[in-house]
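Working notes, beginning with the structure itself.
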Amino acid sequence: MSLDTIRLSQPARDQLIKLKRVTGIKNWNVLCRWALSLSLTDPSPPLVREIVADSNVEMTWRTFAGTYGDMYLALLKQRCINDGEAPTEENLGQTLIVHLHRGIGYLAGRKNLNTISDLILTTSE
C-alpha cells in the first residue's frame, strides 16, 4: 500500500455520499481530510486493520492533501512512530487508509451532523 493513490471501501463511499448530502461539501477529498484529522486525534489504534478498497472512489495523494501535503505526511509519520511502527511508505499508506476509514465512520455515525457548522463542532469536541 502506498500514498500515491488512495482508494476507499464501498461502505466508506456510501458514508461519504451521505456526508456530502448532509454537509453540502461537494468534494470527497475535503471530507476525507476532516475524517483523517478526526481519527488521528484519537490516541487508540483503529480496530480494523484490513480495508477492502472495492469502491470507485479514488484520489491521488496530491488531490487528497492539497497544499498541505507536507503537514499530512508529517502527521502520518508521527502517528506511525507513536504506534511503534517505522514510517515506511507501506506503513504510512496503511496508517492513512485505516485512519481515513475510521474517521469517515466517526463522521457518518454522528446523529447531530446536519450542516457544515455541525462538522466543525464535531471535530472540536
Exercise. Kindly state each residue pair satisfying salt bridge (Lys or Arg N to Asp or Glu O under 4.0 Å) with at least one member in residues 17-30, sequence neighbours excluded.
Key: none

Quiz item: Can you name the side chain to side chain contact (heavy atoms under 4.5 Å, CB included) partners of Thr67, sequence neighbours left out?
Solution: none

Quiz prompt | salt bridge (Lys or Arg N to Asp or Glu O under 4.0 Å) against Arg7, all qualifying residues, sequence neighbours excluded | solution = Glu58

Self-check item: Listed once per pair and sorted, the salt bridge (Lys or Arg N to Asp or Glu O under 4.0 Å) pairs that draw on residues 28-38, sequence neighbours left out
Solution: none

Self-check item: Reported OH-to-OG1 distance for the pair Tyr106 and Thr41, which is rounded to 0.5 angstrom
Solution: 7.5 Å

Quiz item: Of all heavy-atom pairs between Ile104 and Leu19, which one has the smallest distance, and what is that distance?
Solution: O-CD1, 4.2 Å

Quiz prompt | Set of residues satisfying side chain to side chain donor-acceptor pair (under 3.5 Å) with respect to Asp54, sequence neighbours excluded | solution = none

Practice problem: Scan residues 60-72 for pairs that pass salt bridge (Lys or Arg N to Asp or Glu O under 4.0 Å), counting only residues two or more places apart or in two chains. | Solution: none

Self-check item: Euclidean distance, Ile81 CD1 relative to Leu76 CG, rounded to 0.5 Å
Solution: 11.0 Å

Exercise. Given side chain to side chain contact (heavy atoms under 4.5 Å, CB included), test Ile6 with Asn29 step by step and report yes or no.
Key: CA-CA 10 Å; Ile6 302 162; Asn29 60 326; over 6 Å; no

Self-check item: Validation row: His101, Pro46 side chains within 4.5 angstrom (heavy atoms)
Solution: no

Quiz item: Side-chain contact, heavy-atom cut-off 4.5 Å: Trp28 with Leu8?
Solution: no

Exercise. Just jot down the side chain to side chain donor-acceptor pair (under 3.5 Å) partners of Arg13, sequence neighbours excluded, or say none.
Key: Asn56

Quiz item: What distance do Ile17 atom CD1 and Leu31 atom CG have between them, rounded to the nearest 0.5 Å?
Solution: 11.5 Å

Quiz item: Among all residues two or more places apart in sequence or in another chain, which pass the salt bridge (Lys or Arg N to Asp or Glu O under 4.0 Å) test with Asp83?
Solution: Arg79

Quiz prompt | Residue pairs passing the salt bridge (Lys or Arg N to Asp or Glu O under 4.0 Å) test where at least one lies in residues 95-106, sequence neighbours excluded | solution = Asp42-Arg102

Practice problem: Check side chain to side chain donor-acceptor pair (under 3.5 Å) between Thr63 and all other residues, then give those that pass, not counting sequence neighbours. | Solution: Thr60

Self-check item: Flag side-chain contact, heavy atom, 4.5 Å: Leu16 against Cys32
Solution: yes

Quiz item: Residues two or more places apart in sequence or in another chain: which of them pass side chain to side chain donor-acceptor pair (under 3.5 Å) with Asp14?
Solution: Gln10

Quiz item: What pairs with Leu73 under side chain to side chain contact (heavy atoms under 4.5 Å, CB included), at least two apart in sequence or on another chain?
Solution: Leu3, Trp61, Lys77, Leu92

Exercise. Work out which heavy atom in Thr95 is nearest to a heavy atom in Cys80; give both atom names and the distance.
Key: OG1-SG, 3.3 Å

